[in-house]
Protein chains: 2
Amino acid sequence: MLVVDDEPSILRALRINLAARNFQVSTASDGASGLAAMARERPDVMILDLGLPDMDGTEVIRGVRGWASTPIIVLSVWGHESQKVAALDAGADDYVTKPFGMDELLARLRAAIRRASPAPDEPVVKTEDFTVDLAAKRVTRADGSDVRLTPTEWQLLEILVRNRGRLVTQRQLLQEVWGPAYETESNYLRVYVAQLRRKLEPEPSRPRYLLTESGMGYRFDP
Amino acid sequence: MLVVDDEPSILRALRINLAARNFQVSTASDGASGLAAMARERPDVMILDLGLPDMDGTEVIRGVRGWASTPIIVLSVWGHESQKVAALDAGADDYVTKPFGMDELLARLRAAIRRASPAPDEPVVKTEDFTVDLAAKRVTRADGSDVRLTPTEWQLLEILVRNRGRLVTQRQLLQEVWGPAYETESNYLRVYVAQLRRKLEPEPSRPRYLLTESGMGYRFDP
DNA sequence: CCTGCGCGTTAAGGTTTCATCAAGATCCTT
DNA sequence: AAGGATCTTGATGAAACCTTAACGCGCAGG
């Protein structure tokens, strides 16, 4: 996170408060060095005071918007409404007037960050023989062909893949796929694990990825 | 655009000003009808007054955020800072205190809309048999002829194409096309997917692009 | 050696889900 | 106000899926 402000007191207050929330804070005290820091460090958010000594705040905003869509929160002493409009239309994401409450600023920061990171990238798990894409709900064999999985098969595989390398107990599997009432129906597991092996393993009767831990549960080993 | 406020004077002022800017405005005067209107009309932005007669404003925000990421701008008389924090953390995008300047509100609206419609990464998707142009809302067959799609057909196709390669659950499709109240009407999907196939697939009864994943949803595979 | 247990495998039945068609209801335009 | 397009709704046969039961195998303990 980058804070650009020419008042040392504000800079200090922000640095302390933000650092206390585990934000990585860097600072700049004029527009030019702010833009330079922006290019150098690529922060997640920029907090920008409009009253800078060297250049107009909207110029800084435009300078950033030319190449990045990083959220910009503008900070400013109470000015004319047209100033807010200019800053927002230049590409700012939010506008807070000083004096401001730290809690409000933090909340607006969270909102800006939340908006900017919409894609919690789901992992793609690869093995030598197939690839599991959790986001697309898709399994592809090494030769490129798709594997057709039924809903239950997919649920089961998903749990095992999300816990890859770890042993998952029969109880947990049954509970998450079939519900708490089926905790003891380990028959279901045998049937469905066998189906998954038939579809995924190069040698279904000698499993390499979907391993049985006798008496306990199953493990997916990539 | 949807405005939810219980003060008729504000409602009128906003309606006039927004309509003058060529916004399509619809209104609601309490939380419940606001949520209903949201589901029914799918506006691009929601302007929400926190002081509603029937329910807490943050509840409305959460109600929307449960299924949509439509920008929400909160309007409120000056209150305690914690109110702002609560609204923003519930999922609001911006917070404006009354009395407010119309120009500022409009600028914040523009900012919210700008953020919500990010640069479409790949607005044209091609297959061997047809081309979908998301920006122009147009589908062209390989021989150059246009495909006529009804609004509902287009909405459905758009979601599938935007998520190309990924499985989209029935739930998500129903929610985004027909609204959260239709989550279980999977009949609609069958009818409309069949229509899309009839218009796009070379062999409608043996789909190549619009694939069914039984029990889970549909997938567009280019 | 026999027995019991856990696991793998297979297949049949019953149920759910899907594709397709068509008729009414509704919306929109003329 | 009529007509066409579009959207709902219901019914039907077909396909996919889930459940269940039966049987074989290997292994440990009696």
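Numbered from 1 within each chain, the chains take letters A, B, ... in sequence-line order.
The separation between B:Leu156 atom CG and D:dC7 atom P is 11 Å, rounded to whole Å. A straight line from CD of A:Gln195 to C1' of C:dC7 spans 15 Å, rounded to a whole angstrom. Atom CG in A:Leu210 sits about 12 Å away from atom P in C:dT9, given to the nearest Å. At whole-Å resolution of the value, CG in A:Leu211 and C1' in C:dG8 are 15 Å apart. Regarding A:Leu196, its CG atom lies at a distance of 13 Å from the P atom of D:dC17, rounded to whole Å. Taking atom CD on A:Glu201 and atom P on C:dG8, their separation rounds to 11 Å, with Å as the unit. The distance from atom CD of A:Gln155 to atom C1' of D:dC17 is 13 Å, rounded to the nearest whole Å. Distance CH2 (A:Trp154) to P (D:dC18): 14 Å, rounded to an integer number of Å.
One finds no side-chain N or O of B:Tyr188 lying less than 4.0 angstrom from the OP1 or OP2 phosphate oxygen of D:dT8.
The residue from B:Leu2, B:Leu18, B:Thr27, B:Val96 that alone fulfils the side-chain contact (heavy atoms from CB on, under 4.5 Å) condition with B:Ile47 is B:Leu18.
For A:Asp93 and B:Arg114, the salt-bridge test fails: no basic side-chain N is under 4.0 Å from an acidic carboxylate O.
Here CG of B:Leu149 is found 11.0 Å from CD of B:Glu158. Values are rounded to the nearest 0.5 Å.
Residue-to-nucleotide proximity on DNA chain D shows that, of A:Glu185 and A:Arg148, the 5′-proximal contact is made by A:Arg148. Comparing A:Pro151 and B:Trp178, the nucleotide of DNA chain D nearest to each residue sits closer to the 5' end for B:Trp178.
Contact between B:Lys199 and B:Arg141 at its shortest, heavy atoms only, is O-NH1, 3.0 Å.
For the residue pair B:Arg164 and B:Thr127, no side-chain donor N or O sits within less than 3.5 Å of a side-chain acceptor on the partner.
Closest to the side chain of A:Thr152, from the set D:dT8, D:dC18, D:dT6, is D:dC18.
Classified by interplanar angle (parallel below 30°, tilted 30° to 60°, perpendicular above 60°), the ring pair A:Phe130/A:Phe220 is tilted.
Within a 6.0 Å sphere centred on CZ of B:Arg42, other residues, nucleotides and ligands contribute more than 12 heavy atoms.
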Along nucleotides 16-23 of chain C, 5' to 3', which nucleotides get a B, which get an S, and which get a -, given that the test is a protein heavy-atom distance under 4.0 Å? -SBBB---

